[in-house]
*Asks:* 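Can you keep this structure in mind? I'll have questions shortly.
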Amino acid sequence: MNLAILTSGGDAPGMNAAIRAFVRRGLADNHTTWGIPRGFEGLVRGEPEALTAASVANILMTGGTILKTSRFLDFHQPDVRAAALHALGQWGIDGLIVIGGNGSLSGAFELNRAGAPIIGIPASIDNDIALTEYSLGFDTAVNNIVASIDKIRDTASAHERIFVVQVMGNQSGTLAIAAGLACGAEAIMIPERASDYDEIADRLRATYARGKRHSFIVVAEGAGSAQTVAQEIAQRTGQEAKWVVLGHTQRGGPPTAHDRIMAALFANHAVDLLASGTHGVMVRAHAGSIDSIPLAAVIDAEREPPLDWQDLAEILAR
Ligand code: F6P
């Protein structure tokens, strides 16, 4: 079969590991493997490139995506999707893997509905894709944040300061919660649950009274800006509060072993499914194994952040 792969939306560490696994596994089963550059945009404005075992050498350990990626808003238009479907037919592609987050999986769903044989692989540092317990990139991003906060902690401790650290998560607080729990943050602010500055300030004052001389607030970008949070907290506590935006440092760098392993397992399953003629599904991590679920179900559902982890983090930091 002619099998193709593309990466779409925000990049996530582990995308390259998934591309490598797709190619090596596909070639092992005598398929021809193709890469589509720049996500869905490449379907209408690009050309597929043949991917060989050698062309995916030494990418297992790199972040980003060798295929490049894009947020291609034109893909919302039915005529643009029709052009993409036409291109896939012209190129003789028998199966396409789309690696990406919620927006990309919606695009994959629409293109599949129009007739393209597609399998989705969940990838987003936000880990906010419904009906899968894991999305590629999350573990690396959490570890990137932990590494940064561990460094900031040294200076926070030396100066006895409050630090507000803004992490990614425009519409989701899962990344902030996991990082906050892993770093012992005193407070975590997320878009899905309102926070109260007075209550956070009370908590920080209480920990100060017990002898804690530095503290951390982790704020997901969708819950507010670190600068504003720092100002509000400094005003209420009378303590100095510094702020840091970690930005894209969270999304780059070598994928963790967990992301590399999950990438291999997801891509392996995706190749199996395409070879068996299955499409219109997303591979996923579920109850300790890898299986798949219709894209239609994924698009319709929402993934809740682990609010119990948020509560636990705040109890443990008292
Ligand atoms: O989808 C992942 C994500 O990292 C979000 O948390 C964030 O809001 C967004 O991507 C930022 O994307 P970009 O850097 O492409 O604007």
Side-chain angles (χ1 to χ4, degrees), residues 6-16 18 37-42 63-76 98-109 120-149 164-180 182 188-193 218-229 243-256 259 262-263 266 282 284 298-299 301-306 309-310:
L6 62 79
T7 49
S8 167
D11 61 310
M15 282 180 162
N16 279 335
R38 296 185 184 79
F40 291 123
E41 189 176 348
T65 159
I66 59 160
L67 291 176
K68 313 295 180 194
T69 186
S70 64
R71 297 189 193 276
F72 184 47
L73 298 181
D74 289 357
F75 210 63
H76 289 296
V98 171
I99 312 180
N102 282 315
S104 307
L105 294 167
S106 296
F109 169 69
I121 290 183
S124 167
I125 66 161
D126 294 343
N127 205 19
D128 61 345
I129 300 168
L131 304 177
T132 178
E133 287 155 18
Y134 194 70
S135 301
L136 294 181
F138 176 67
D139 188 58
T140 304
V142 172
N143 278 285
N144 284 343
I145 297 168
V146 169
S148 297
I149 292 185
V164 181
V165 180
Q166 183 180 315
V167 301
M168 280 187 169
N170 207 7
Q171 290 163 40
S172 163
T174 298
L175 183 63
I177 291 173
I188 300 166
M189 299 174 64
I190 59 168
E192 297 92 334
R193 178 148 90 170
V218 175
V219 56
E221 64 185 356
S225 86
Q227 183 175 16
T228 307
V229 175
W243 56 276
V244 175
V245 178
L246 294 184
H248 291 79
T249 59
Q250 297 159 82
R251 224 162 66 180
T256 58
D259 272 317
M262 294 307 290
F266 281 162
M282 176 188 80
R284 64 166 180 172
V298 177
I299 304 313
E302 287 212 355
R303 192 181 200 278
E304 298 298 323
W309 288 21
Q310 183 187 18

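Counting convention: from 1, in listed order, for ligands and their atoms alike. The structure displayed is predicted, hence computed values, not measured ones. Each residue takes its place number in the sequence, starting with 1.
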*Asks:* Counting distance only, does the side-chain N/O of Glu192 pair as donor-acceptor with the main-chain N or O of Gly173 below 3.5 Å?
*Replies:* yes
*Asks:* Counting distance only, does the side-chain N/O of Thr256 pair as donor-acceptor with the main-chain N or O of Asp139 below 3.5 Å?
*Replies:* no
*Asks:* Please check if the number of heavy atoms outside Glu133 that lie under 6.0 Å from its CD is greater than 12.
*Replies:*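 Counting other residues, nucleotides and ligands, CD of Glu133 exceeds 12 neighbours.
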*Asks:* Give a yes or no on whether the backbone of Leu136 and the side-chain of Asp259 come within a donor-acceptor separation of less than 3.5 Å.
*Replies:*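 Checking the backbone N and O of Leu136 against the side chain of Asp259, no donor-acceptor pair under 3.5 Å is found.
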*Asks:* Does at least one non-hydrogen atom of Gly101 fall below 4.0 angstrom from an atom of ligand 1?
*Replies:*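 Contact absent.
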*Asks:* Quick check on contacts: which atoms of ligand 1 are under 4.0 angstrom from a heavy atom of Ile125?
*Replies:* 4 (O)
*Asks:* How far is atom 5 (C) of ligand 1 from the closest protein heavy atom, and which atom is that?
*Replies:*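 Ranked first by proximity to atom 5 (C) of ligand 1 is Asp126 OD2, 3.3 Å.
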*Asks:* Can you list the atoms of ligand 1 that are under 4.0 Å from a heavy atom of Gly169?
*Replies:*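 Ligand 1 atoms under the 4.0 Å threshold to Gly169: 6 (O).
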*Asks:* Determine whether Asp11 and Arg251 satisfy the following criterion, side-chain contact (heavy atoms from CB on, under 4.5 Å), listing intermediate values before the conclusion.
*Replies:* CA-CA 7 Å; Asp11 61 310; Arg251 224 162 66 180; 3.0 Å; yes
*Asks:* Using the benzene-type ring in the case of Trp, are the ring centres of Phe40 and Phe72 under 6.0 Å apart?
*Replies:*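 Here the rings of Phe72 and Phe40 have centres that are no less than 6.0 Å from each other.
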*Asks:* State the atoms of ligand 1, each with its element, that fall below the 4.0 Å cut-off from a heavy-atom position in His248.
*Replies:*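 So the answer, numbered in order with elements, is 13 (P), 14 (O).
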*Asks:* Nearest heavy atom to atom 8 (O) of ligand 1 wins, so pick from Glu221, Arg71, Gln171, Arg251.
*Replies:* Glu221
*Asks:* Who's the nearest protein heavy-atom neighbour of atom 4 (O) of ligand 1, and how far?
*Replies:*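 Minimum-distance protein heavy atom for atom 4 (O) of ligand 1 reads Met168 SD, 3.0 Å.
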*Asks:* Taking 4.0 angstrom as the limit and counting only heavy atoms of Asn170, give me the atoms of ligand 1 inside it, by number and element.
*Replies:* 6 (O), 8 (O)
